[in-house]
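Below: one structure, written as C-alpha cells.
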Amino acid sequence: MQKKTEGICFAIGAGICWGSMGVAAQVLMENSGFAVGDLVAGRLLGAGALLLMFEHFFMRRSLLKYFSQLSVAKDILLYGVLVLLTQLTFS
C-alpha cells in the first residue's frame, strides 16, 4: 500500500508541475519577453538538477559513477541532445 500511495502522490505532483509550467511559460513569454529557447533551456536544466538531487539525496547513489564509463556518458549526452531537439519542436 505504501508504494501505491507514493505513486499516486508522484502522479499528482507531476500533473501539477506540468499544468503550472504551461501557465508560467505563457506569462513569461507575454509579459517578460522570454524566448522559447530560454524557456526550454531553463526547464531542462531545472528538471535535470531536480532529478540529480533526487538521485543523490533520496536514493543515496553516487552521481560520478554514471560518467566514469565512456559508453554511459555517450548515451547520456546523446539522450540530452535528443530531448533538447524534441523540446524545441514544440515551440
Measuring from [X]:[atom1] to [Y]:[atom2], what's the distance to the nearest 0.5 Å?
X: L78; Y: I76; atom1: CG; atom2: CD1; value: 11.0 Å
X: C17; Y: L50; atom1: SG; atom2: CG; value: 8.0 Å
X: L52; Y: F57; atom1: CG; atom2: CZ; value: 10.5 Å

Can you get from L44 to L28 by hopping between Ile, Leu, Val, Met, Phe, Trp and Tyr side chains that sit under 4.5 Å apart?
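Linked, L44 and L28 end up in one cluster.
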Same cluster or not: M21 versus F34, using hydrophobic residues (I, L, V, M, F, W, Y) connected whenever any side-chain heavy atoms lie under 4.5 Å apart?
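As far as the 4.5 Å side-chain criterion goes, F34 and M21 are not connected within one cluster.
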Among L45, V40, L39, which one satisfies side-chain contact (heavy atoms from CB on, under 4.5 Å) with R43?
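Answer to the side-chain contact (heavy atoms from CB on, under 4.5 Å) test with R43 among L45, V40, L39: V40.
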